[in-house]
Amino acid sequence: MSYLEYQLKFVPVGFRKLLYLNWPIVALVTAVSGFGFLMLYSVAGGSMTPWASPQIQRFGLGIAVMMGMAMVPIWFWRNLAVVGYSLALALLVLVEFIGAERNGSQRWLDMGSIDLQPSELMKITLVVLLAAYYDWLPLNKVSKPQWIILPLLFIAAPAYLVLSQPDLGTTVLLVSGGGAIMFLAGVHWAYFATVIASALALVTAVFQTRSTGWQMLKDYQYRRIDTFIDPTQDPLGAGYHITQAKIALGSGGWTGRGFMQGTQSRLNFLPEKHTDFIFTTLAEEFGFIGAFGLLILYTLIIIFCVQSAMTNKDRFASLVTMGVAVTFFLFFAVNMAMVMGLAPVVGVPLPLVSYGGSAMLVLMVAFGLVQSAHVHKPR
Amino acid sequence: MPLGIEYESAASIMKRGPKETEEGARRLSRRALLLGGVQLGVIAALGARMASMQVDQAAEFRMLAEENRINIGLIPPARGLIYDINGVVLADNEQHYTITMTREGAGDVGVDEILARLNRLVALDHDRLKKAREELGARSPFVPVTVAQRVSWWDVARVNVNAPALPGVVAELGRSRIYPQGLDMAHVVGYVGPVSDFDLSKIDDRDPLLQIPRFQIGKTMVENRLERDLRGSAGTKRVEVNAAGRVMRELDRIEGTPGADVQLTVDARLQNYIQARLSGESAAAIVIDVTNGDVVGIGSAPSYDPNVFVQGISVALWDELNERDVHSSLHRRPLAAKTVQGTYPPGSTFKMVTALAALEDGAIGPDETVRCVGHADVSDVRFHCWKRAGHGNMNLNESLKQSCDVYYYDISQRVGIDKIAAMGRKLGLGERHDLPMSAIRTGIMPDKAWKRDARGEDWRIGDTVNASIGQGYVLTSPLQLAVMTARIATGRAVKPRLVRSINGVDEPSGAGESLGLNENNLRRVRSAMYDVSNHPRGTGYRTRIATEEFRIAGKTGTSQVRSITQAEREVGVTNNEDLPWNRRDHALFVAYAPADNPKYAVAVVVEHGGGGSTTAAPIARDVMLQALYEGKPPLSAYPSATRGQIADQQRRLDLLIRDIQPGRDTDEV
């Protein structure tokens, strides 16, 4: 509804829209994914199978989806916000009952040839719903308590479902991503201060209740936190992964050991080397230059998104663009912090690089929204 | 050039004032900038951490990576053993030595030189060597490649003594599966083989053991279906390795859990007899203990030696087992377990089902007669009795005893296919009995709904007439026929079971609940089956059991594969023997014994064997006697007229039968 509040002078139509795409983002996304293909090829021992080849196919599909979405006016996506969110929520409920269990977590819906992870879908639909909500809500009501409850519920419902899967990483992403949009929409400072203070209280409570009847996390989650704090105390068990990841990362040095020459990943010291821990292989083989280079690429994606959001006068478009940027940022920041021993291992993939179809496609859909917002910005 | 397009009506413009919009955008931009700043801060922290680890502490980490490291190796568990009911080992683990080498270990000496040195010490297989050389070139330098398998202890000793001259070469102790019973158990136990990419793509199993190259997993039958129990779980050992990946010392180890031992219900000695008795035929025979459902014998011929699959089978042998070169009309399918994977029209062995359905329904009284004139006309189609001259007046007992077809044509029309099919299913036909075997077939117990769904056609009365004597659409496996016989013999829903216990824990008995059939009706059918084998006019009289307390009750069956065509009749083909093998009738026989206190139920199917009474019944009787006497029966158990012939047969079979001693008590293992 906000669109025509500006004197709409010019919106490109037809194939002219291609000229108005945010091409730097397209290029950056491709470059980052390219890093991913290289690493997947390398961790498979110099083979396109089993990871690199399907990943490339999914990227191809993802690019097509992104372009397709960019051609559709952004207000169309806004109108789908409620439907999309409800669908993702329904799938999350469904996965509770009929989801396939892997690695002790029930996250997947087995749909024949493709496995769907509804929590991935939720990351993007939650952003869209919150953006649409704050686009619709008059500015003077934004900080009123009764108008805060609703978005909190939007965030809490999927967060609860995902946490019970259990998938701590995605929960963190959903809650911080949702909180970021509320912050951007202009919710008063005091709320965030309260939340952060109570979060600190909660963390204290979690540790205080450990090994009592009121214990709030599962034992393995406590152990993960323990090993995060001191990986050496359990070098064979859970701490082994972190120790080996750090060795891989550190031994990369300035220039790395060379493509396909990393002994840590070659010798199978690294766990999940094609998914969550792929960054360690990259850092080992391409060294600081490669790892920092990837960080720069990620940063540029964020910068271009923020720039696009700030120059977009459409409130929904800005909020979605920023929301995507924040979610994307959380993805790589949490993953990198995790493998560098700065955060506990929570199971967040490295965006666009880690092997995985659901995550790749959802990210491309997210960038499709960013592109659509960019193309259709009021000029 | 279209510059602008209006998308919404002007009304919505008025909803929010430009001032408020401006304010919202300003606040958003401010906070976006702030948030972006925080993000940049975090990114800077990440970059700083990266730099500190990769630049400042790189030397330290690289030393950790290069000099000394702790590697975690998997210790594969010993696969569970499989025993027969008496503790005879059916699947065992055998220790053997494997020689491996790494390219990295070869160092400056070079792979070729070391292989040449090794070849002087140990006779290496040429093909294996060529493959090893390729693998050594292609794989990463520190991956051990198998150079020789199943080498003797002496070879290992020679390699170890010369270790200094053979850098990178290691002799490892491995375990491999062996099937001491050879082809007897191939169709029950199955075999293991190296895990393949295809296996990995099919199963959702994150067990790290599966990542071990050439790790053996169950491929078929019990080995496959009880894989999770048999496999056990991996132990781990922590070893210190140097830069070359060479193990310096073992720090500690956590032993894994060996796989669970499995005891089957099968009796290896009976099984051995069955396979010997079936040899030369393409046939299946199965024996079920009716008191608890235990499958004590389940043979299928021809069979194969499962040991050839364990290390990977040669292409030539594989082609042979798949009968690539055999004319298609002579396929005997050695790889198929015909007891559960073969389905056949049950022929006259199905008549008990039709009879019981009619009796239970009240459609016919037990003494009511039907006149057989050798044929019956049903809606303009003439259906013949096997006895063209006709049987005359037939009641239930006579019709089953002499296997009159017309009687069943008649009663089946009175009771209807749906009730017959319901009775068939009650007796276990058309049901997939879930034994831990591969590709178990469901067969077909047709009714009206089935034909509509499967064929898209309406059921015809002629279909009922065909089904009444086990022809037409009806298809059953030998297992189902044995279950049917066991259920008739006991009146209970006997459920077959193949596994007696896993890791000493007994599996539930398959004795089953009462079927709820009228005991009088069952008794009449049983007494007719008794007469089949013990009345001089019965079709199975020649293959009766003479021992008074082991009397057998059975039913013959001969099922048509294809009827003799008019063209063939014209050139004089009227007899089954004149037809090519693959078009001859299947011979079937089902039976239980002792008739007055049933212990075993038997079903035998001889593919293209001709008549049930001449081919299948003798096998079933011999197998039954073997089971009842728990070994070779005395000649006195046979009718006196056939004893000379039987003695010859026993002498012939003695050559094929191995001496299998009851094994150790599995509880002590």
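Just so we're on the same page: letters track the sequence lines, and every chain starts at 1.
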Among B:Ser52, B:Ala51, B:Gly36, who wins on heavy-atom pairs under 4.5 Å with chain A?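 Looking at each of B:Ser52, B:Ala51, B:Gly36 in turn, B:Ala51 comes out on top.
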
Would you mind checking which part of [X] comes under 4.5 Å of any heavy atom in chain B, side chain (CB onward), backbone (N, CA, C, O), both or neither?
| X | answer |
| --- | --- |
| A:Met340 | both |
| A:Ile302 | side chain |
| A:Ala333 | both |

Residue among A:Thr299, A:Leu184, A:Thr311, A:Val306 with most heavy-atom pairs under 4.5 Å to chain B: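 That would be A:Leu184.
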
Given the options A:Ser318, A:Ala283, A:Ala309, A:Ala185, which has more heavy-atom pairs under 4.5 Å with chain B than any of the others?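 Of the options given, most contacts go to A:Ala283.
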
Atom pairs and distances, side-chain donor-acceptor, residues 289-298 of chain A, under 3.5 Å, sequence neighbours left out:
residue, atom, partner, partner atom, Å
A:Tyr298, OH, A:Pro351, O, 2.7

What residues form a ring-ring contact (aromatic ring centres under 6.0 Å, His included) with A:Phe192, not counting sequence neighbours?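 For A:Phe192 the ring-ring contact (aromatic ring centres under 6.0 Å, His included) partners, ignoring immediate neighbours, are A:Phe183.
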
Would you name the heavy atoms of [X] and [Y] that are closest together and state the gap between them?
| X | Y | value |
| --- | --- | --- |
| A:Met310 | B:Ala32 | CG-CB, 4.1 Å |
| A:Gly253 | B:Ala58 | CA-CB, 3.7 Å |
| A:Ala180 | B:Leu35 | CB-CD2, 4.0 Å |

Spacing of [X] atom [atom1] and [Y] atom [atom2] [to the nearest 0.5 Å]:
| X | Y | atom1 | atom2 | answer |
| --- | --- | --- | --- | --- |
| B:Arg49 | A:Leu342 | CZ | CG | 4.5 Å |
| A:Ser251 | B:Met53 | OG | CE | 9.0 Å |
| A:Met336 | B:Ile43 | CE | CD1 | 9.0 Å |

Steps toward side-chain contact (heavy atoms from CB on, under 4.5 Å) verdict (B:Gln39, A:Val326): CA-CA 8 Å; B:Gln39 292 179 10; A:Val326 169; 3.3 Å; yes

Looking at A:Trp189, is B:Arg31 sitting on its ring face, NZ or CZ under 6.0 Å from the six-membered ring centre and within 45 degrees of the normal?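 Yes, B:Arg31 sits over the ring of A:Trp189.
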
